[in-house]
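In what follows, a single structure is set out as structure tokens and then discussed.
Just follow the structure's listing: the first ligand is 1, and inside any ligand the first atom is 1. All heavy atoms count here, side chains included; hydrogens, waters and symmetry mates do not. Since this is a predicted model, take the numbers as computed values, not measurements.
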Amino acid sequence: MSDPGPLVGEPLALDLVNTRNADGDHLATPQALRGWLDLEAARFPDVRDLAVSDAGLAAVREVREHTARALECVRRGEQPPQEALDALNRAQRAAPAISELAWDGAAATATRRRAGSAADRLAAWLAEAAAELLADPAVTTVRACEADDCVTLFLPAHPRRRWCAAARCGNRVRVARHYQRQKSVGEK
Ligand SMILES: [Zn+2]
């Protein structure tokens, strides 16, 4: 099976955690990070033009690590490591956001912007997304895909969702089970 890349379309913090999956690490290089940011561009417009450096990559991977560690506990209703929470708070504090006002000719607009280096801004947006997910009561419904070889996490919109995506894992597992059944019938 060709690598379909990381799943996107879950809450941003889950998409971030899901960039490391059974296929490997999809944020291994600055170019890979740029590709992922392009996929997510609509969700945090402020990063659209950010230059991605090694420092940015390191900052994003650190936020991912702390988000994943905190999420593993919080989604089970357990206390997360304080160190992970501290790191996510620190990342946000390094590039505080303001609602930047402008006049577009007819109305005032307010655009959320952050101050700081490109790496700090990127990390801060993602750490904020992590804070939103971790503090959302729905976080306890986050679950992992049921396919044995898939570790992708998702927030089910309906309680019966079992796969990260039917086209990735649902169909694959159904086909495998079908062949398994055929095989065991044939052996009798
Ligand atoms: Zn899956």
Side-chain angles (χ1 to χ4, degrees), residues 1-44 47 52 56-81 84-85 87-88 91 122-123 125-185:
M1 192 179 72
S2 67
D3 181 353
L7 184 75
V8 295
E10 295 298 320
L12 185 56
L14 277 182
D15 280 2
L16 175 65
V17 170
N18 285 336
T19 58
R20 190 173 43 195
N21 61 23
D23 303 316
D25 189 343
H26 294 277
L27 298 183
T29 63
Q31 291 78 359
L33 173 57
R34 182 71 261 170
W36 182 72
L37 292 176
D38 290 343
L39 289 176
E40 303 282 7
R43 313 177 76 175
F44 47 149
V47 306
V52 176
L57 179 65
V60 167
R61 289 166 59 108
E62 198 187 322
V63 168
R64 179 177 66 177
E65 186 60 38
H66 292 299
T67 302
R69 284 183 61 205
L71 182 61
E72 254 335 274
C73 300
V74 171
R75 77 184 179 95
R76 297 183 164 88
E78 293 164 10
Q79 185 177 1
L85 303 187
L88 293 170
L122 195 47
W125 284 115
L126 293 170
E128 182 182 66
E132 279 167 9
L133 176 69
L134 291 167
D136 185 337
V139 72
T140 56
T141 67
V142 167
R143 63 173 85 132
C145 179
E146 284 185 26
D148 286 343
D149 55 355
C150 183
V151 294
T152 301
L153 297 171
F154 59 86
L155 187 66
H158 61 89
R160 292 178 58 202
R161 179 172 167 194
R162 300 170 62 194
W163 320 110
C164 59
R168 279 166 182 260
C169 288
N171 297 344
R172 201 160 53 80
V173 171
R174 266 191 293 273
V175 168
R177 284 189 188 149
H178 176 76
Y179 278 113
Q180 200 55 42
R181 263 195 309 271
Q182 298 286 94
K183 214 175 119 212
S184 57
V185 168

*Work out which heavy atom in L57 is nearest to a heavy atom in L27; give both atom names and the distance.*
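Looking at all heavy atoms of both residues, the shortest contact is CD1-O, 3.4 Å.
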*asked:* Give me each pair satisfying side chain to side chain donor-acceptor pair (under 3.5 Å) with a member in residues 8-19, each pair once, sequence neighbours excluded.
replied: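 Output for this query lists E10-R161, D15-R43, T19-R64.
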_Are L126 and T67 packed together at the side-chain level, in the sense that at least one heavy-atom pair is separated by less than 4.5 angstrom?_
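No, every pair of side-chain atoms sits at 4.5 Å or beyond.
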*How many angstroms lie between atom CZ of R143 and atom CG of L155, to the nearest 0.5 angstrom?*
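The CZ atom of R143 sits 9.5 Å away from the CG atom of L155.
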*Could you state the interatomic distance from CG (L133) to CZ (R75), rounded to the nearest 0.5 Å?*
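Result: 10.5 Å between the selected atoms.
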*Among the protein atoms near the Zn ion (ligand 1), how many are N, O or S and lie under 2.8 Å away?*
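Excluding waters, the total comes to 4.
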*Indicate yes or no: does R61 engage E65 in a salt bridge with an N to O separation below 4.0 Å.*
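E65 and R61: not salt-bridged.
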